[in-house]
2 protein chains.
Amino acid sequence: MTGRPASPQTLAGAEEPVVFVIDDDASMREALSNLFRSVGLRVEVFGSAHEFLQSTLPNVAGCLILDIRLPRLSGLDFQAELAKADIRIPIIFMTGHGDIPMTVRAMKAGAVDFLTKPFRDQDMLDAVTTAIERDRVSRDEARMLSGLHARFATLTPREREVMALVTSGLMNKQIAAEIGIAEITVKIHRGHIMRKMTAKSLPDLVRMAEMLGIGPASGGPQT
Amino acid sequence: MTGRPASPQTLAGAEEPVVFVIDDDASMREALSNLFRSVGLRVEVFGSAHEFLQSTLPNVAGCLILDIRLPRLSGLDFQAELAKADIRIPIIFMTGHGDIPMTVRAMKAGAVDFLTKPFRDQDMLDAVTTAIERDRVSRDEARMLSGLHARFATLTPREREVMALVTSGLMNKQIAAEIGIAEITVKIHRGHIMRKMTAKSLPDLVRMAEMLGIGPASGGPQT
DNA sequence: GGCACGATCATACCTAGGTTTGGGATCGCT
DNA sequence: AGCGATCCCAAACCTAGGTATGATCGTGCC
């Protein structure tokens, strides 16, 4: 943190992380809101899961504080909903009357923490810190992966095929033999691949292929 | 599964997974032992964590069933002990009187499951299946990584340095300039590296470097 | 001192990778 | 029919990678 407080919006949603709180208890919302603001965190509160879904989620790192016992939908089911809808945001559960199976289910589904009420403020803040950091990392990864996929999508089928063979370590002549074309053609495809993927070197391309999950079968080098 | 039952020991400990059970209640040990054997799993039971640590662990995939309330050491503390001692085995906790914080702590520390007594046999079997598979995978990874580290250890300091630069995508001449030696010398180092690491190709070497966590700073290709 | 090892480098030689130029063929879409 | 994308290939040319041979030098060890 560079000591900069909450500048309104320097560049249309891109910096300050946000804590979303969903709880049907207004006093709890108020208490959490105060807690998070007291440490300089941006907060948005909702009385129900529905309200949360209606809102426009800013494109910044964040996390979700959820009571396991929500009005119409259980926190656990809501967690599943979000996963199904591909909304990946770290979740911190709170509960007054939770049980162990619920806890296990939530944690297995990736919850960051599961706090029992009453909890200590510091425990909540620690959980939020962890959650936001986790989201920041996963957002970074997602952003990079999406750029990668976008570039990969511009490759022609043949180029994709050649890329897989190149990154698997075959020589141009072997690739040519493998798919039944001339070596010079492989070289040309290869050149196109490097440019389209904006790979600065072969190792660079190999790493891209790894991230894209390219490479027939075997996970990696020898045992 | 190839339908092959429990052949005694074809090759000194290398196939059948084992379920380790630690519980001070003899009837529980008996029940679990029967349960696992009924599905063809090898089982070893212990009355305490101490007994378990005294035994010689076979080098096969396995998992540990642990009561959270152990005689002298809590299951949670024992889990921490194992982690500290670098004994990585998936753990499934059982409890009669557990609470949520315990559950959260266990799950955060990597427990596969946390079952409340009485539990359904099928739940335990499912957890064991997951745990063993997880261990199998992590053992495969560990085995590969150890081979990799062993080969990497045979590299001279200079070779390691060159390997990092090669796999980061620099050309020989750039590497030469970078460390202030002649290009031909880089080529020679490079040849040694490929041979010592038994890399069949540059992409191969790059993947090895990735697994070894080599490469100054930056995690990977562009954003 | 002598030896092994790591590191350095030159010369020579060969293979692999890559671009440019220029061309041909097929296919689908307008 | 014309256009653009994809795929194919050749000749020429240049750079990069890799090996072999042979040699020098410094360090640590017996």
Quiz item: B/Ser55 side chain to B/Phe52 main-chain N or O, any donor-acceptor pair under 3.5 Å?
Solution: yes
Quiz item: Hey, does the side chain of A/Ser74 reach the backbone of A/Leu76 with a donor-acceptor pair shorter than 3.5 angstrom?
Solution: yes
Quiz item: Which ones in residues 184-193 of chain A lie close to DNA chain C, meaning a heavy atom under 4.0 Å from one of its atoms?
Solution: A/Ile184, A/Lys187, A/Arg190, A/Gly191
To the nearest angstrom, how far is [X] atom [atom1] from [N] atom [atom2]?
X: B/Glu183; N: C/dA7; atom1: CD; atom2: C1'; result: 17 Å
X: A/Leu202; N: C/dA16; atom1: CG; atom2: C1'; result: 12 Å
X: A/Ile181; N: D/dT6; atom1: CD1; atom2: C1'; result: 12 Å
X: B/Asn172; N: C/dC9; atom1: CG; atom2: C1'; result: 15 Å
X: A/Met171; N: C/dT15; atom1: CE; atom2: P; result: 11 Å
X: B/Arg158; N: C/dA7; atom1: CZ; atom2: P; result: 8 Å
X: A/Met163; N: D/dC7; atom1: CE; atom2: C1'; result: 19 Å
X: B/Ile179; N: C/dC9; atom1: CD1; atom2: C1'; result: 13 Å

Self-check item: Given D/dA16, C/dA7, D/dC7, the nucleotide with the shortest approach to the side chain of B/Pro157
Solution: C/dA7
Quiz prompt | Test side chain to side chain contact (heavy atoms under 4.5 Å, CB included) applied to B/Met194 - qualifying residues, sequence neighbours left out | solution = B/Ala199, B/Leu205
Quiz item: Do the charged groups of A/Arg88 and A/Asp86 touch, with an N to O distance under 4.0 Å?
Solution: yes
Quiz item: Looking at A/Glu210 and A/Arg207, does any basic side-chain N land under 4.0 Å from a carboxylate oxygen?
Solution: no
Practice problem: Grab the two heavy atoms, one from A/Ser168 and one from B/Pro203, that are nearest each other, plus how far apart they are. | Solution: C-CB, 4.5 Å
Quiz item: Does B/Arg195 place a side-chain N or O at less than 4.0 Å from the phosphate oxygens OP1/OP2 of D/dT19?
Solution: yes
